Amino acid sequence: MKQFGGTQRNAYLPILYLAVIVLPVFLLGSYLYNENLRISQFREFKTHNLQEHISPPQQTKEDEDKKINLVPLEACDVFTGKWVLDNVTHPLYKEDECEFLTEWVACTRNGRPDSKYQKWRWQPRDCSLPKFDAKLLLEKLKGKKLMFIGDSIHYNQWQSMVCMVQSNIPSGKKTLNHTAQMSIFNIEEYNTTIAFYWAPFLVESNADPPDKRDGKTEPIIMPRSISKHGESWKDADFLVFNTYIWWTRNSKIKVLKQGSFSQGSKEYNEIGIYVMYEQVLRTWANWLEQNIDSNRTSIFFSSMSPAHVRSSDWSVDGGSSKCEKETEPILDMSKPIDVGTNRRFYEIAVNVTKSTSRVKINFLDVTTMSEYRKDGHTSFYGSRSGKLITPEQKLDPRTFADCYHWCLPGLPDTWNELLSLYIIHTT
Ligand SMILES: *[C@@H]1O[C@H](CO)[C@@H](O)[C@H](O)[C@H]1NC(C)=O
Ligand SMILES: *[C@@H]1O[C@H](CO)[C@@H](O)[C@H](O)[C@H]1NC(C)=O
Ligand SMILES: *[C@@H]1O[C@H](CO)[C@@H](O)[C@H](O)[C@H]1NC(C)=O
Ligand SMILES: *[C@@H]1O[C@H](CO)[C@@H](O)[C@H](O)[C@H]1NC(C)=O
Ligand SMILES: *[C@@H]1O[C@H](CO)[C@@H](O)[C@H](O)[C@H]1NC(C)=O
């Protein structure tokens, strides 16, 4: 199979499942959006320890260039801050310069008229992020394997990471391969692999291959079964996990009673989502404790990526659209925002990621910063199975605006800037 743009049929398979199955599921999810799942309580969690150095807030361009006065990274919560318009440093790459960017999230190519959403830089309150340096990151990843594991939001982030580093690699020295379960970006020069592994619940479920294409049935999970997936994670040097959006459809989730999908088992119980989310994360954390050598492998968990499905959440006059009209982030940070993110999942994830003793799990706390980014979603400018949203469909944003996934270049680039900071400075 050729690089993307070569033999299209296989190359598009993962995109197809994302587009054909996942998207409609999400769209449906927004119908099923359950008021009960919202919690208005707004809590901030400090980040875990960071051992190295980043620079303090910068006053002038000169300071930035010199990167003077390094402060310990652990003294700065890089996830608390604000968005600053900065068209000099952002976007980090241009849409048409990244051959690996699929039309799924290439919003400009798909006709999105505004581009301001690409130009925001994240400014932590107590320090500044160094300018993203792809070469430095690649040096750190030399001979190593970085793997994103999770749902289509993580696929979104993986694509961003590929685009952030790929321009430094001459053509012919980088390849993209897809299997049913994985997308694998290889950088020959550096002997580096940046992979995405599809496991929307982390544990086994019928949303995994080969059943995942059956988007009609509601997912059924096997909350204690993770080792089959885990086999593919063991040889990675950096593991980045997420799991959230697939949990938010209902207040209960289907759990396979016994056996496995390959044996044709179908009977299930329905159990509360919070109980199961915690059980699944504990299964996952135990697996990590037993199978990962923390001297070799760094582990990350990304907190949830928020959706923006009701403009009344941020509009003073109580708007009734989704995210499709948004061209700016929420910039008024004087009051807490509530865009319907289910913070109970967040708290469970914080608790479980803190509970391990043999391995350290770094919590990438991207939720709040992303909640401000109502402007960043693909809305009408993603494409599904190669099809753009039609003018007729645009009349029905409730059904057709995707306010879950993110345009690239865009917000996931910032998540990766923060991930890179950890990779470069703490490993
Ligand atoms: C990946 O794709 C490249 C060409 O695009 C091919 O040369 C290589 O053999 C493939 N690797 C695997 C493991 O399939
Ligand atoms: C950045 O924005 C300023 C002010 O809007 C504009 O004058 C300038 O040309 C822009 N620069 C780039 C690189 O787009
Ligand atoms: C490439 O990296 C892998 C580990 O990811 C290692 O096993 C292998 O020896 C490396 N190959 C070369 C040529 O450095
Ligand atoms: C990790 O490294 C430390 C210090 O070098 C060593 O004491 C420890 O046994 C190592 N742990 C494992 C699991 O190899
Ligand atoms: C998280 O842990 C704290 C302290 O043990 C506990 O009070 C809290 O209820 C836990 N939160 C969730 C959502 O499980």
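Quick caveat, the model's predicted, so the values are computed rather than measured. Atoms within a ligand are numbered from 1 in the order they appear, just like the ligands themselves.
Within 4.0 Å of ligand 2, heavy atoms belong to protein residues N87.
At a threshold of 4.0 Å, the pair R296-D237 counts as salt-bridged, since one of the basic side-chain nitrogens sits closer than that to a carboxylate oxygen. Residues E326 and R112 are not paired through a salt bridge, judged by the lack of any N-O separation under 4.0 Å between the basic side chain and the carboxylate. A salt bridge does not link R343 to E347: none of the charged side-chain nitrogens sits closer than 4.0 Å to a carboxylate oxygen.
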Considering only distance and modelled atom types, tabulate donor-acceptor pairs under 3.5 Å from the side chains of residues 224-233, sequence neighbours left out.
residue	atom	partner	partner atom	Å
H229	ND1	Y197	OH	2.7
H229	NE2	D208	OD2	2.9
E231	OE2	K234	NZ	2.8
W233	NE1	H229	O	3.4

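Ring geometry for F345 against W247 counts as tilted: the plane angle lies between 30° and 60°, on a 0 to 90° scale.
Figure legend: cation-pi geometry between R373 and W83, with NZ or CZ positioned under 6.0 Å from the six-membered ring centre and within 45° of its axis.
Backbone and side-chain nitrogen or oxygen atoms of N351 are examined, and one is located within less than 3.5 angstrom of a nitrogen or oxygen of ligand 5.
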